[in-house]
Every structure is written in structure tokens, then in C-alpha cells.
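Below is one structure, written out as C-alpha cells, with a few remarks after it.
Only a predicted model underlies this, so the values are computations on that prediction, with no experimental measurement involved. Chain letters run A, B, ... following the sequence lines, proteins first, then strands; residues in each count from 1.
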Protein chains: 2
Amino acid sequence: MPAESDCSEMLDSETKAVETPEDHADELRLWLRLLTCTTLIEGEVRGRLRQRFDVTLPRFDLMAQLDKAPDGMTLSDVSKRMMVSNGNVTGLVERLVESGHLDRRTSETDRRVQVIRLTKLGRGEFRRMAAEHETWIADLFADLSPKDVRELMRLLAKTKASAQKSAARRRP
Amino acid sequence: MPAESDCSEMLDSETKAVETPEDHADELRLWLRLLTCTTLIEGEVRGRLRQRFDVTLPRFDLMAQLDKAPDGMTLSDVSKRMMVSNGNVTGLVERLVESGHLDRRTSETDRRVQVIRLTKLGRGEFRRMAAEHETWIADLFADLSPKDVRELMRLLAKTKASAQKSAARRRP
DNA sequence: CCAAATTGTTTTAAGCCTAAAATGTTTTCC
DNA sequence: GGAAAACATTTTAGGCTTAAAACAATTTGG
């Protein structure tokens with residue numbers, strides 16, 4: 001039985017050349033679990049929004065962004081914040097303007113830019129939905145202690161930073 | 001300044017009746033952070049799969065399920081495992097059969113059931129992709145220590161259980 | 001046995017989403 | 001000043017996704 005080099009503390013970078021097929025099963029499992037949690041909660045929230053308010057999750061998310069920005073946002077801002085493509089936002093906004101929830105106008109100072117805001121109707125509806133939404137989330141996380149919540153926040157912040165760094169490495 | 005009741009340890013259930021608009025901001029922030037992490041990583045993986053292998057993430061995920069089931073799976077199985085709708089799987093499978101990655105046949109014992117398997121081509125391509133995929137995930141989580149990974153696993157397991165319980169409460 | 005309920009899949013209609021190309025606008029910088 | 005680069009948005013083409021209804025086959029309980 002050959003001595004198994006663990007590789008967890010690789011001090012000599014030349015050792016890398018032995019090309020051990022490293023085991024990343026734990027990270028893979030972690031990723032799958034993260035994905036499962038998100039999918040589960042997201043599906044639950046989506047269903048409740050539809051049943052209670054007949055609204056889709058993306059629409060709710062977009063309104064949530066705008067609720068935090070009383071002076072409006074540009075489509076690019078929204079796109080970055082929501083981490084979705086530009087074209088996606090265009091369509092989403094179109095439908096929400098159509099339904100009277102959003103107001104869209106071309107910027108006075110830069111005619112490339114569209115500024116969108118919640119209408120009075122949109123803000124009212126959003127606030128009602130958000131209040132209930134918050135209780136759903138609280139219920140979904142109900143079995144986590146305050147300490148669990150803090151610890152998860154910390155670890156997810158670290159995860160986010162790690163992923164952003166990795167993404168930047170690839171696409172500098 | 002009124003004494004602020006914290007409500008974190010509610011021992012008397014009648015106290016609930018005072019209808020304090022409880023503060024669930026922490027849970028909300030946690031949910032948003034969870035969603036951000038997932039979206040970030042998912043987007044990164046999606047992009048790499050497309051660039052390196054010209055394959056979509058849902059196709060990859062479906063093949064991953066089948067790779068773990070040498071004897072094949074029914075569409076319902078896949079649908080439950082992937083946590084997506086039945087109709088979604090139908091279309092996904094259709095395209096993967098079309099491209100020669102999947103084999104689909106009607107069960108001998110139950111003519112409602114469709115059993116799908118990876119073809120030799122599908123399995124080969126998947127294995128190649130999966131090997132590289134694993135290194136991407138490892139890189140995305142690179143800044144987490146083994147202890148962080150374990151702790152996240154534990155907390156996410158707890159989160160999953162909590163969310164499932166909450167979902168079951170609503171839809172028993 | 002057979003009607004009713006259940007289960008597995010597909011279809012439908014609508015909306016979401018992406019990447020890439022196209023369009024129009026502004027900024028940069030020679 | 002004007003060409004080139006950068007930017008904001010829309011369009012395009014294709015695929016993903018859902019909920020609900022429809023269809024088909026099997027199981028269940030009188």
C-alpha cells in the first residue's frame with residue numbers, strides 16, 4: 001500500500017507536477033446542497049407568490065429592487081443587481097409597465113438611458129406582498145437558531161468572495 | 001423609551017397575541033445571500049459549460065443524474081431529483097435523445113413509464129465534462145477551509161430540513 | 001369485475017432567460 | 001472636430017421553465 005500524499009498543505013509548488021487527480025468530492029457535494037436549498041426555497045416562494053398574489057418571482061424581485069431606489073434605476077443597474085441579462089430586464093420591464101406597476105422614461109441627460117420607477121400602484125402592491133413574503137422566509141428558516149443564521153451569513157459571505165475571485169481569475 | 005421586548009425566546013404562547021410586527025430582516029438577508037451565491041456560481045458554471053463544451057446546464061444536470069443510475073431512470077424520478085416540472089423533463093429528454101446522448105424506451109411492465117439511459121456517447125461526453133466541472137467547483141470554493149466546508153454542509157442540511165418542514169406545513 | 005382514484009407522461013400557453021448581434025448615444029482621445 | 005471605443009438598450013433565435021389541462025395506463029376498493 002503506497003503512502004498516500006494528502007496534498008492539503010502543498011508547500012512545494014513543484015510537487016504539483018505529480019498530477020494527482022485531486023479529490024474535490026466535498027466541494028461538489030457542498031455545491032449540490034447549496035443548489036438544493038436554493039431551489040427548494042425558491043420554488044416555495046414562487047408558488048406562494050403565484051397563489052396569494054398571482055405574481056411571478058422575477059416580477060417580485062424586480063419590484064423589490066425598485067422599492068429600494070425611490071429615485072429609480074436604469075435598466076443596467078437592475079440587470080447588474082439582479083444578475084440577469086440585459087435583454088431579460090427589457091422584457092420584464094415591458095410587462096410591468098404594461099400592467100401599470102412601473103413607470104419608464106428616457107433620461108433627460110443621456111438619451112441612451114431608461115429610468116424606471118415603481119408607480120403608486122406598483123409600490124402599494126409590492127409593499128403588501130413584501131410584508132407577507134417576509135413571514136414566509138422567516139418560516140422557511142424557522143429551525144435555524146440566531147447563531148446558525150449568523151454563522152451561515154458569515155460562511156456565505158466567504159463563499160461569495162471566493163466565487164467572485166474565481167470568476168475574476170477566468171475573466172479578468 | 002419603552003422597554004423593547006426581544007421576542008427571541010417566546011415562552012408564553014399567549015404573548016403572540018400582541019401582534020408585534022416581528023423583525024425577520026436577518027432571515028431575509030440570509031435568503032438573499034444564499035440566492036446570490038447560488039446565482040453567481042450557477043452563472044459561472046453555465047458559462048464555462050457553454051464555452052468549453054457547448055452544452056447547457058440543464059442538459060448537464062440531467063446527464064449527471066443518469067450517470068448515477070446505470071439501470072436508467074423514469075422521467076418522474078428525474079423530475080423529482082432535479083426538482084423541476086414533468087413537462088420540463090419531457091422537452092429536455094427529447095432534445096438529448098435527438099442529439100444521441102440518451103436512449104429512451106417504454107417500460108415492459110408498465111406502459112405508462114419511459115425509462116431513459118445515457119448512451120455510450122452520452123456517458124463518454126458526460127464523464128469528460130464532469131471531470132473538468134469538478135475542478136471548476138473546487139476553484140469556486142477554493143477560499144473555504146475544509147472546516148468551513150463541513151460547517152456549511154451542516155448548516156445547509158439544517159436549512160434544507162427547515163424549509164422542507166415549512167413546505168410540508170403549507171401543503172400537507 | 002369495474003368504477004374511481006392514482007400515477008406517469010405529454011401538451012399547451014405563457015413567461016423567463018441567455019448569448020450574440022444590432023441600434024442608437026455618448027465619451028475618449030488623437 | 002471626428003474617428004474609434006465604450007455604453008445602454010433592444011432585438012433575435014433558441015432553449016428553459018412552469019402550471020394546468022389532457023391523455024393513457026395501472027391500481028384500488030367496493
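Rounded to an integer number of Å, the gap from B/Asp77 CG to C/dT7 C1' is 13 Å. At whole-Å resolution of the value, CG in B/Asn86 and C1' in D/dT17 are 12 Å apart. D/dT9 atom P lies 11 Å from atom CE of A/Met73, rounded to whole Å. Distance, A/Glu94 CD to C/dC17 C1': 15 Å, rounded to whole Å. If you take CD of A/Gln114 and P of C/dT23, they are 18 Å apart, rounded to a whole angstrom. What separates CG of A/Leu102 from P of D/dT9 is a distance of 13 Å, to the nearest Å. The distance between atom CD of A/Glu98 and atom P of C/dA14, rounded to the nearest whole Å, is 14 Å. Distance, B/Arg95 CZ to D/dG15 P: 7 Å, rounded to whole Å.
At the phosphate of D/dT18, OP1 or OP2 sits under 4.0 Å from a side-chain N or O atom of B/Asn88. Between D/dA8 and A/Ser79, no contact under 4.0 Å exists linking OP1 or OP2 to a side-chain N or O.
Taking both residues in full, the closest heavy atoms of B/Thr38 and A/Trp31 are given as O-CH2, 3.8 Å, listed atom of the first, atom of the second, then distance. Scanning all heavy atoms of the two residues, the minimum distance from A/Ser162 to B/Ala142 falls at OG-N, 3.3 Å. Nearest heavy-atom pair, B/Gly100 versus B/Thr119, reported as atom, atom and distance to 0.1 Å: O-OG1, 2.7 Å.
A donor-acceptor contact under 3.5 Å is formed by the side chain of B/Arg112 with the base of C/dT7.
Judged purely by atom type and a 3.5 angstrom limit, B/Gln65 has no side-chain atom pairing as donor or acceptor with the backbone of B/Val78.
Residues A/Arg95 and A/Glu98 are not paired through a salt bridge, judged by the lack of any N-O separation under 4.0 Å between the basic side chain and the carboxylate. Under the 4.0 Å criterion applied to side-chain N and carboxylate O atoms, A/Arg128 and A/Glu132 are not assigned as salt-bridge partners. In this structure, B/Asp139 does not pair ionically with A/Arg170, as no charged nitrogen and carboxylate oxygen lie closer than 4.0 Å.
B/Thr106 and B/Gln114 form a side-chain donor-acceptor contact under 3.5 Å, judged by distance and modelled atom types alone.
Toward the 5′ end of DNA chain C lies the nearest nucleotide of A/Gly91, the other residue of the pair A/Asp110 and A/Gly91 mapping further downstream. Heavy-atom nearest nucleotides on DNA chain C were determined for A/Thr109 and for A/Gly87, and the one closer to the 5' end corresponds to A/Gly87.
Of the candidates D/dA8, C/dC17, D/dT10, the closest approach to any side-chain atom of A/Ser85 belongs to C/dC17. The nucleotide whose nearest atom lies closest to any side-chain atom of B/Arg111 is, among D/dT9, D/dA25, C/dT10, D/dA25. Comparing D/dA8, C/dG8, D/dT17 by their closest approach to the side chain of B/Val113 singles out C/dG8.
B/Ser76 comes within 4.0 angstrom of sugar-phosphate atoms only, judged by non-hydrogen atoms across all strands, and of no base. B/Met82 comes within contact range of no nucleotide atom at all, as no heavy-atom separation falls under 4.0 Å.
Non-hydrogen atoms lying under 4.0 Å from DNA chain C are contributed by B/Arg50, all within residues 41-68 of chain B.
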